[in-house]
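Quick note: numbers below take in every heavy atom, side chains included, and nothing from hydrogens, waters or symmetry partners. Counting begins at 1 with the first residue of the sequence.
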Amino acid sequence: MSLIEIPEEHRMLQELVRKFVDRELMPLEPAVLARESEGGALSLTPEEEAPLHARCKELGLWGLDVPENLGGANMPSSALILVQEELGRTCTPFLFPPDSPNLHMMLAVADDYQREHYLAPYAAGEKKSCIAISEPGAGGDPAGMLTKAVQDGDDWIINGRKIWVSRVPASDFIIVMARTSPGKRADGVTAFLVDKGTPGFIIERQIKMIGGRRTYELVFEDCRVPHRNVLGKVGQGYEPMQLRLNVRRLELGARCIGISERALQMMCVQVKQRSTFGVPLSERQAIQWWIADAATKIHACRLMVQAGAATLDAGGDVRNEASMIKVFATEMATEIVDHAMQAFGAMGMTRELPLQLMAQQVRVMRIYEGPSEVHRMAIARRTLKQYN
């Protein structure tokens, strides 16, 4: 039981999502696993996705964190992490529209024009978006950002490259971070809304990632964007993007809880059924310690994520908590999934089970939204300041 009280309406939402995952998403896993094992992308076909979206609308699982004035349910982060935890239990790739992190970034700084032409249709699920931050050779470090935007009358001209961008072909517009003036690290970085099909916006190549994921490298060659598409203030685009990252890291922590719960469940069922040298695996001390450690770490991680969400809902600064969650949750899930695979023996190495796909997904999580090493540096820096 959690020491943090969860409102009844949030528990009801979690139960509704749990049933949706069990009844709608889990049955699709065999097809998803088969496509991925044959080299395909980790994705749903339009024929699979359409009825899921229809079911979401029927159940009210749409626009969960969208403000009520935009037709949403306006759920707080403390409720949304419960949703992400349930979605993490399946390797069937699915999100309740829209993509939450970009929504929060736009809600924070979008003006009236942007709210009408981008935010409103995005919140309604009529448009999709993605965000381009990282660059070749610099990653997500703003100090190394080379993509530049220069003002030309009422327009801005963007030149540069971005890499590791997800969901580009399916997106109607992209949020692009570019340097508009010199500055230390994030100072002088501006966010731009760039429409799909804008001249000079080029999808250079698709990059196949482990776990069936796909990312893209983008090129901007004299890409002309009107000034009205500047998202937020010129030279101050990094702060609202940080809000996006904090939301994303909390959601990632909740996803890792779901992944770990699924792996623990599979491991417990397996070790009760499998015996070695006449003794059930469940009676082996090594296995029992795996299970004990998994249950303990899942409980600790859940409390961390719940506390972080409560702080975010209260308007507090969660940067340090989000970094701690990012490191702890991904490493926890890595260990638990690995132990589950070990408990299954050779079967755990097959592509017939979801464990191998979960392991690959968790491995990628230790890189995106900031690698573990960078988060540890940030945590250490803040801790050292605390004890001056």
Side-chain angles (χ1 to χ4, degrees), residues 40-44 93-95 97-106 114 118-119 122 127-149 156-180 186 189-225 229-232 237-238 240-249 251-252 255 326 360-361 363-371 374:
L42 184 68
S43 62
L44 295 172
F94 186 78
L95 291 172
D99 177 62
S100 177
N102 285 351
L103 172 76
H104 287 275
M105 181 180 178
M106 295 174 69
Q114 293 164 356
Y118 294 94
L119 180 56
Y122 174 57
K127 284 189 175 182
K128 295 182 179 180
S129 75
C130 58
I131 187 166
I133 305 169
S134 296
E135 298 188 3
D141 182 8
M145 187 174 292
L146 298 178
T147 297
K148 294 183 179 180
W156 289 84
I157 300 176
I158 304 174
N159 282 284
R161 284 180 176 267
K162 295 292 181 180
I163 200 168
W164 317 125
V165 188
S166 302
R167 302 191 303 274
V168 177
S171 297
D172 298 286
F173 64 93
I174 181 172
I175 301 173
V176 179
M177 308 301 294
R179 185 163 292 284
T180 51
V189 174
T190 303
F192 295 89
L193 296 166
V194 180
D195 293 309
K196 183 178 183 179
T198 300
F201 170 28
I202 303 163
I203 301 177
E204 182 76 355
R205 64 180 176 125
Q206 180 192 80
I207 307 171
K208 291 185 177 181
M209 313 292 286
I210 63 173
R213 301 288 183 180
R214 301 290 187 268
T215 63
Y216 299 84
E217 183 174 4
L218 310 177
V219 175
F220 296 88
E221 293 182 352
D222 295 330
C223 182
R224 185 175 291 270
V225 178
N229 281 31
V230 171
L231 184 60
Y238 220 76
M241 190 197 71
Q242 188 66 45
L243 171 63
R244 176 199 184 277
L245 290 175
N246 288 334
V247 172
R248 189 71 167 180
R249 288 161 185 162
E251 290 185 349
L252 188 149
R255 282 263 176 172
K326 174 66 167 58
Q360 293 181 62
Q361 291 175 336
R363 184 63 187 87
V364 177
M365 287 179 181
R366 286 162 53 195
I367 296 293
Y368 70 73
E369 309 302 348
V374 172

Indicate the atoms forming the closest heavy-atom contact of [X] with [Y], along with that distance.
| X | Y | value |
| --- | --- | --- |
| F94 | R255 | O-NH2, 3.4 Å |
| C130 | S166 | CB-O, 3.2 Å |
| L44 | P93 | CD1-O, 3.4 Å |

Would you confirm whether [X], through its side chain, and [Y], through its main-chain N or O, come within 3.5 Å as a donor-acceptor pair?
| X | Y | answer |
| --- | --- | --- |
| Q114 | G232 | no |
| R249 | E369 | yes |
| N159 | D222 | yes |
| N229 | F192 | no |
| T147 | R161 | yes |
| K326 | P371 | no |
| K196 | P169 | yes |

Worksheet item: Does CD in E204 sit with more than 12 non-hydrogen atoms of other residues, nucleotides or ligands closer than 6.0 Å?
Response: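 Correct, the count exceeds 12.
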Report yes if some heavy atom in the side chain of [X] is under 4.5 Å from a heavy atom in the side chain of [Y]; otherwise report no.
| X | Y | answer |
| --- | --- | --- |
| I163 | L218 | no |
| I175 | L193 | yes |
| M209 | R214 | no |

Rounded to the nearest 0.5 Å, what separation is found between the [atom1] atom of [X] and the [atom2] atom of [Y]?
| X | Y | atom1 | atom2 | value |
| --- | --- | --- | --- | --- |
| W156 | T190 | CH2 | OG1 | 6.0 Å |
| M177 | I158 | CE | CD1 | 11.0 Å |
| K162 | S134 | NZ | OG | 7.5 Å |
| T198 | R224 | OG1 | CZ | 12.0 Å |
| R248 | I131 | CZ | CD1 | 10.0 Å |
| Y118 | L231 | OH | CG | 10.5 Å |

Worksheet item: Passes side chain to side chain contact (heavy atoms under 4.5 Å, CB included), L119 versus L103? Steps please.
Response: CA-CA 7 Å; L119 180 56; L103 172 76; 3.7 Å; yes
Worksheet item: Distance only, no hydrogens: is a donor on one side chain within 3.5 Å (strictly under) of an acceptor on the other, for Y122 and D172?
Response: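 No, D172 and Y122 have no side-chain donor paired with an acceptor closer than 3.5 Å.
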Worksheet item: So F201 and F220, would you call those rings parallel, tilted or perpendicular, with 30° and 60° as cut-offs?
Response: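 F201 vs F220 ring planes: parallel.
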